[in-house]
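For reference, the structure discussed in these notes is given below.
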There are 2 protein chains.
Amino acid sequence: MTTQERPRAPLSKERVLAAAVALADAGGVEALSMRKLAHTLGVVPMALYKHVRNKDELLDGVVDAVVGEIDPPDGGAGWKDIVRRRVLSARQVLLRHPWASRVIEERTRARPDPTPAVMTYMDSMIGIFRAGGFSIDLTHHAMHVMGSRLLGFSQELFEDSGPAQPAEPPPPEFAERFPHIAELVMGISHDAGTVVGPGCDDQFEFEFALDLVLDGLDRLRRQAGRVASSSSSST
Amino acid sequence: MTTQERPRAPLSKERVLAAAVALADAGGVEALSMRKLAHTLGVVPMALYKHVRNKDELLDGVVDAVVGEIDPPDGGAGWKDIVRRRVLSARQVLLRHPWASRVIEERTRARPDPTPAVMTYMDSMIGIFRAGGFSIDLTHHAMHVMGSRLLGFSQELFEDSGPAQPAEPPPPEFAERFPHIAELVMGISHDAGTVVGPGCDDQFEFEFALDLVLDGLDRLRRQAGRVASSSSSST
DNA sequence: ACCTGAACACCGTTCAAGT
DNA sequence: ACCTGAACACCGTTCAAGT
């Protein structure tokens with residue numbers, strides 16, 4: 001027998017990247033090594049270097065694969081709605097790939113420019129602000145203010161409780177060391193009307209922050225329009 | 001001769017952490033390996049494990065050493081000014097240790113709770129909001145909105161140009177692929193009155209975003225005060 | 001010309017052997 | 001009892017040897 005009809009499909013950069021994303025989805029970013037990826041594909045590690053110059057280029061490709069999953073802007077009423085919907089769709093993508101925000105940050109920092117798909121995404125977002133009546137200067141500030149939130153994530157250094165019990169009171173020595181945190185945790189647990197599982201609704205908090213920032217930008221845009229903007233450029 | 005009077009000072013956790021911070025300052029976070037750190041201290045790698053359980057605990061200690069450098073809140077006029085000054089002082093610390101924000105994020109994500117010094121810092125910040133008249137709910141939202149900006153950093157995915165020339169026009173194929181980015185880059189270069197070196201004043205952008213967020217929070221605080229805030233989600 | 005196993009220079013950490 | 005060298009199980013990548 002031994003038909004031996006191509007025991008493995010021929011490798012391609014797409015196949016390599018797709019396998020890399022799947023590997024990270026399954027085991028986190030620390031599971032994404034050249035050696036493990038090669039093993040997954042039934043291939044010797046060196047074979048990967050035919051499709052990817054090195055690991056950095058692999059990670060760049062992975063970033064673009066993930067960012068490429070974000071929906072294009074769909075029709076919305078006004079710039080704010082369009083930005084809002086697209087950011088929330090980006091957030092959905094990153095919830096599917098929880099490891100990706102770290103890699104995006106890492107690779108963006110390591111390169112002179114962001115990765116091509118990130119550049120395309122940013123370009124599109126800038127276009128939405130411009131079409132919405134933002135001056136070049138204000139658009140520039142807006143991009144900085146939004147930061148990584150544009151791509152649907154923000155580093156929350158304040159991940160209260162995680163999957164904790166609704167009203168687990170902190171131990172007394174905790175309340176003594178961190179009285180204000182303790183008060184906050186208790187206060188949040190008490191009104192757990194909408195939130196059942198974890199002590200804190202991440203989606204709500206993300207949208208809260210997003211809306212606060214978008215409203216702030218809208219206010220500046222309207223001010224600039226009314227005052228006819230006497231600043232350095234943008235007249 | 002061979003006086004042999006203690007060829008090296010006795011190791012202590014403080015000395016290990018200080019050396020680790022210095023090593024990262026000198027060579028970036030990728031230079032901070034247990035082996036290199038031991039070498040720096042004139043010690044065999046295993047000797048470090050007497051003062052630190054493993055590398056994660058080393059990184060936790062390093063995070064706390066850096067966060068411990070942030071000035072305590074000094075007198076300011078009102079909560080907004082106090083928060084603002086402290087955040088900007090945190091930013092100064094992180095400019096001294098450019099690798100630290102990555103490590104803070106990483107370790108915060110990896111642990112159930114933030115590191116002790118980060119907890120103390122957060123507790124103090126919460127206290128400032130509360131003293132400033134923020135309800136528990138609004139303080140909670142404020143902490144999420146501020147996110148890592150509280151510690152003086154924010155991931156800018158839009159690091160335009162870096163140390164580039166003031167008015168280097170992008171190549172034509174760039175302008176074709178990313179027309180809006182090209183327009184932005186050109187627009188910013190043109191009004192380079194205040195900024196000389198890089199194409200973009202990071203300190204200005206950071207303060208711009210910080211003020212936008214603080215103003216937004218202030219508006220919500222005043223609204224809540226006026227409406228007398230009806231329970232869980234502030235009608 | 002192509003492919004790939006062994007090797008190199010690293011990692012963090014374990015563990016047993018030496019004092 | 002203490003300390004530490006060698007070893008283990010990884011890593012990304014080079015390189016020379018085999019086909």
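Bear in mind that the values here come from a model prediction, so they are computed numbers and not experimental data. Proteins get letters first, then strands, A, B, ... in listed order; numbering begins at 1 in each.
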Base-pairing mate for D:dT19 - Watson-Crick or G-U, with both contacts under 3.5 Å: C:dA1

Any strand: nucleotide that pairs with D:dT13 via Watson-Crick or wobble, under 3.5 Å: C:dA7

For the side chain of [X], starting at C-beta, report the closest nucleotide among [options].
X     : options               : value
A:V44 : D:dT4, C:dG5, D:dC11  : C:dG5
A:M34 : D:dG12, D:dG5, C:dC11 : D:dG12
A:K55 : C:dG12, D:dC3, D:dG12 : D:dG12
A:M46 : C:dT13, D:dT13, C:dG5 : C:dG5

Could you tell me the separation between the [atom1] atom of [X] and the [atom2] atom of [N], rounded to a whole number of Å?
X     : N      : atom1 : atom2 : result
A:L11 : C:dT4  : CG    : P     : 11 Å
A:L23 : D:dC11 : CG    : P     : 10 Å
B:Y49 : D:dA6  : OH    : P     : 18 Å
B:D56 : C:dC11 : CG    : P     : 17 Å
A:R35 : D:dG12 : CZ    : P     : 7 Å
B:N54 : D:dC10 : CG    : P     : 18 Å
B:R53 : C:dT13 : CZ    : P     : 12 Å
B:L32 : C:dC10 : CG    : P     : 16 Å

Centroid-centroid distance, A:F204 to B:H141, less than 6.0 Å: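 Yes, close enough.
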
With a 4.0 Å cut-off, would you call A:R84 and A:D211 a salt bridge?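 So A:R84 pairs with A:D211 through a salt bridge.
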
Are B:E57 and B:K13 ion-paired here, with the side-chain N under 4.0 Å from a carboxylate O? yes

Is there a donor-acceptor contact under 3.5 Å linking the side chains of A:R86 and A:S124? yes

Taking the same atom, P, in C:dC8 and in D:dG18, what whole-Å distance lies between them?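 Nearest-Å result for C:dC8 against D:dG18 at atom P: 16 Å.
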
Does A:D123 use its side chain to pair, donor to acceptor, with the backbone of B:H180 at less than 3.5 Å? yes

State whether B:K36 places a side-chain N or O below 4.0 Å from either non-bridging phosphate oxygen (OP1 or OP2) of C:dC11.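 Yes, B:K36 has a side-chain N/O under 4.0 Å of OP1/OP2 on C:dC11.
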
